[in-house]
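In what follows, a single structure is set out as structure tokens and then discussed.
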Amino acid sequence: MPDIVPSLAAVVGTDHVLTDGLDAYAVDWRRKFRGRPLAVVRPASVAEVAGCIRTCRDHRVSVVPQGGNTGLAAGATPDMSGRQIVLSLSRMNRVRSIDRTSMTIEVEAGCPLAVAQQHADEVGRIIPLRLASEGTAQIGGLVATNAGGINVLRYGSTRHFTLGVEAVLADGTIVDALRHLRKDNAGYDWKQLLVGSEGTLGIVTAAVLRLMPMPRYTVTALLSVPGPADAVKILEALQTELGEAISAFEFMSSGSVDLVRRHRGHDVPIALARWYLLVELTSNISGLAADTQEALAAVLDSGLAIDCVLASSRQQASELWNIRESITESEQLAGGSIKHDVSVPTASLPAFLDQAVAAVEKSFPSAICSLFGHLGDGNIHFNVVAPEPAEPINRIVHDLIVYHGGSISAEHGIGAYRVDELVRCKPAAELDLMSRIKRSFDPYDILNPGKVIAASDPETGRPGRL
Ligand SMILES: Cc1cc2nc3c(=O)[nH]c(=O)nc-3n(C[C@H](O)[C@H](O)[C@H](O)COP(=O)(O)OP(=O)(O)OC[C@H]3O[C@@H](n4cnc5c(N)ncnc54)[C@H](O)[C@@H]3O)c2cc1C
């Protein structure tokens, strides 16, 4: 193989082809996987990204795109072959434009979500995407994983507010579809294939996102509840009474909350219970606080909830959110967890949780089930703090997910982590269709091979275990 490094340096400059000290790019956020990148390349423009991709294609070297590296499926981690380039988008980090009237923002792939949010904030708008990694996760990574977060119930996931995309394809073609349109039925909506493709179909270099009005009124409530069935009934009742004002409906087990109390020292200002709900309501119409209090009083009277506290200030609301947002890091501090990011129809959640917890506890009595997530979307992070190996636990959880008509990845993606389980759990006709799409976008398997879809060589794309 001719040395690709000088050719890449000719495209981006010598300073932006790194070959030493690559650990931060080679290890995933959970510190479970590591790879051996040949080099890390840091282009500063879409033309440079295209130049890098053409160079890699000519050398038959594959490319692992990387944003903030906060992904939880090892999608941005190179394999152990020493023949993959990490393409970091971090230098492409500009907010190119913001339009308060059309309610759109055009942002480069490497811009952290929190920075883009700040720009939206300055014109009284929001990007309708909130997640605990927003300080580091980048627009390109969020689009490439179709990130969800806590406001999907109200606004949908990233694909629902991605209006336009600029991307570089596997042959180096630049496709500029940065349209700021709400409605566009002129042909196939191909950009939706890139959303959630985890770097396997194209490199996202910029996106146009739809903005929403900044809510004037916010109510945040923490409830303790007897069980998941009560939680689902509360969701139904609040949806009937308060409709789309419910912007987040989060669920936490005592297993998750105890980890936060132990490892982050956060207190829980409510009667301790086995299950908790964190509910946020937002509106631009006054009367939200009174309507919410009335609806929550009815929930307490009916016995669906044990206790309820309402945040009386922004500070208190952010303390309540801190509990929820510290769970992932607390699991990490507890030595890591075996993660399942699953979804089922909301009505099936109680039965799924009962069966899955009972089955895991029976087979692994010392395991701690840390269950939390976006109950309003039927999405639970069914995490198990237990010694490896993960495979038997994965099988228990995913088999029940298939039984209940659910998905083995609600929002985190497949990456390298869930490729085998996807093959096991997804119908063959769908897997075949995915392979045909991949071949048509990337016939030489240059873009993140072995992620999402198994490569022909079973070792390709597999990072090593840390
Ligand atoms: C504490 C914490 C909380 C989280 N909470 C949530 C949550 O609530 N909801 C949720 O959905 N996720 C959540 N995540 C996961 C993660 O933040 C998201 O998956 C995020 O979208 C990843 O963005 P990133 O820039 O870090 O991407 P990376 O981790 O760098 O990459 C993720 C994938 O996208 C690909 N990729 C990255 N950039 C590009 C690009 N420009 N073009 C093409 N492909 C690209 C990579 O190859 C990889 O496959 C959480 C993570 C952490 C650490």
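Computed from a prediction, not measured in an experiment: that's the story for all the values here. Every number for a ligand or one of its atoms is a count from 1 in the order of the listing. Keep in mind that the numbers below use all heavy atoms, side chains included, and drop hydrogens, waters and symmetry copies. Along the sequence shown, residues carry numbers from 1.
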Checklist entry - Residues two or more places apart in sequence or in another chain: which of them pass side-chain hydrogen bond (donor to acceptor under 3.5 Å, both in side chains) with Asp15? => result none
Item to check | pair Glu329-His263: side-chain heavy atoms closer than 4.5 Å | outcome: no
Next on the checklist: Less than 4.0 Å is my threshold; does some heavy atom of Ala167 fall inside it relative to ligand 1?
Outcome noted: no
Checklist entry - Less than 4.5 Å apart, any side-chain heavy atom of Leu466 and any of Lys32? => result no
Checklist entry - For ligand 1, which atoms, with element, lie under 4.0 Å from some heavy atom of Leu142? => result 20 (C), 21 (O), 23 (O)
Checklist entry - Is there a heavy atom of Gly149 sitting under 4.0 angstrom from any atom of ligand 1? => result yes
Checklist entry - Taking the six-membered ring of Tyr417 as reference, does the NZ or CZ atom of Arg30 fall below 6.0 Å from its centre and within a 45° cone about the axis? => result yes
Checklist outcome for this item: Atoms of ligand 1 under 4.0 Å from any heavy atom of Ala147, numbered from 1 in the order shown, are 11 (O), 21 (O)
Checklist entry - Considering only heavy atoms from C-beta outward, does the side chain of Leu153 approach that of Ile246 to under 4.5 Å? => result yes
Item to check | Atom indices of ligand 1, in the order listed, that fall short of 4.0 Å to a heavy atom of Asn448 | outcome: 47 (O), 49 (O)
Next on the checklist: Looking at non-hydrogen atoms alone, which of Ala132, Cys111, Ser197 comes nearest to atom 3 (C) of ligand 1?
Outcome noted: Ala132
Checklist entry - What atoms of ligand 1 come within less than 4.0 Å of a heavy atom belonging to Gln138? => result 24 (P), 25 (O)
Checklist entry - Which ligand 1 atoms, with their elements, are less than 4.0 angstrom from a heavy-atom of Gly199? => result 43 (C), 44 (N)
Checklist entry - Is it the side chain (CB and beyond), the backbone, both or neither of Val204 that lies under 4.0 Å from ligand 1, heavy atoms counted? => result both
Checklist entry - Who's the nearest protein heavy-atom neighbour of atom 11 (O) of ligand 1, and how far? => result Gly148 N, 2.9 Å
Checklist entry - Which atoms of ligand 1 have any heavy atom of Gly202 under 4.0 Å away? => result 43 (C)
Checklist entry - Which part of Glu325 is near ligand 1, with near meaning a heavy atom under 4.0 Å away: side chain, backbone, both or neither? => result neither
Checklist outcome for this item: If we number the atoms of ligand 1 from 1 as shown, the ones under 4.0 Å from a heavy atom of His412 are 10 (C), 12 (N), 13 (C)
Item to check | Reported CG-to-CZ distance for the pair Leu129 and Arg210, which is rounded to 0.5 angstrom | outcome: 14.5 Å
Checklist entry - On the ring face of Tyr444, is Arg60 found with NZ or CZ under 6.0 Å from the centre and within 45° of the axis? => result yes
Next on the checklist: Quick test: of every protein heavy atom, which one is nearest to atom 27 (O) of ligand 1, and how far off is it to 0.1 Å?
Outcome noted: Gly141 CA, 3.5 Å
Checklist entry - Between Gly110, Gly68, Gly196, Ala144, which one has a non-hydrogen atom sitting closest to atom 45 (C) of ligand 1? => result Ala144
Item to check | Heavy-atom nearest neighbour in the protein, as seen from atom 31 (O) of ligand 1, with distance rounded to 0.1 Å | outcome: Ala76 CB, 3.7 Å
Item to check | Per-atom contacts, ligand 1 versus Glu198 - under 4.0 Å to a heavy atom | outcome: 35 (C), 47 (O), 49 (O)
Checklist entry - Roughly how far apart are Tyr276 OH and Leu222 CG, rounded to 0.5 Å? => result 8.0 Å
Checklist entry - What do we get for Thr205 next to ligand 1 when only non-hydrogen atoms under 4.0 Å count, side chain, backbone, both or neither? => result neither
Checklist entry - Side-chain donor-acceptor pair under 3.5 Å between Arg91 and His16, yes or no? => result yes
Item to check | Nearest option to atom 51 (C) of ligand 1, as decided by whichever heavy atom of Leu89, Leu113, Thr70 sits closest | outcome: Thr70
Item to check | atom 21 (O) of ligand 1: nearest protein contact (heavy atom, Å) | outcome: Thr145 OG1, 2.8 Å
Checklist outcome for this item: protein heavy-atom neighbour closest to atom 17 (O) of ligand 1 works out as Ser133 OG, 2.6 Å
Next on the checklist: Below 3.5 Å, N or O to N or O, backbone or side chain included: is there any such pair between Leu131 and ligand 1?
Outcome noted: no
Checklist entry - Are Leu281 and Leu242 close enough that some pair of their side-chain heavy atoms sits under 4.5 Å apart? => result yes
Checklist entry - So which bit of Lys451 gets within less than 4.0 Å of ligand 1, heavy atoms only: side chain, backbone, both or neither? => result neither
Checklist entry - Just one of Leu201, Ile453, Thr200 clears the side-chain contact (heavy atoms from CB on, under 4.5 Å) bar with Ile437, so which one? => result Leu201
Checklist entry - Aromatic rings His412 and His381: how do their planes relate, parallel, tilted or perpendicular, breaks at 30° and 60°? => result parallel
Next on the checklist: Can you see whether Ser409 engages Ser407 through a side-chain donor-acceptor pair at a distance of less than 3.5 angstrom?
Outcome noted: no
Next on the checklist: Side chains of His340 and Asn394 only: does a donor on one sit below 3.5 Å from an acceptor on the other?
Outcome noted: yes
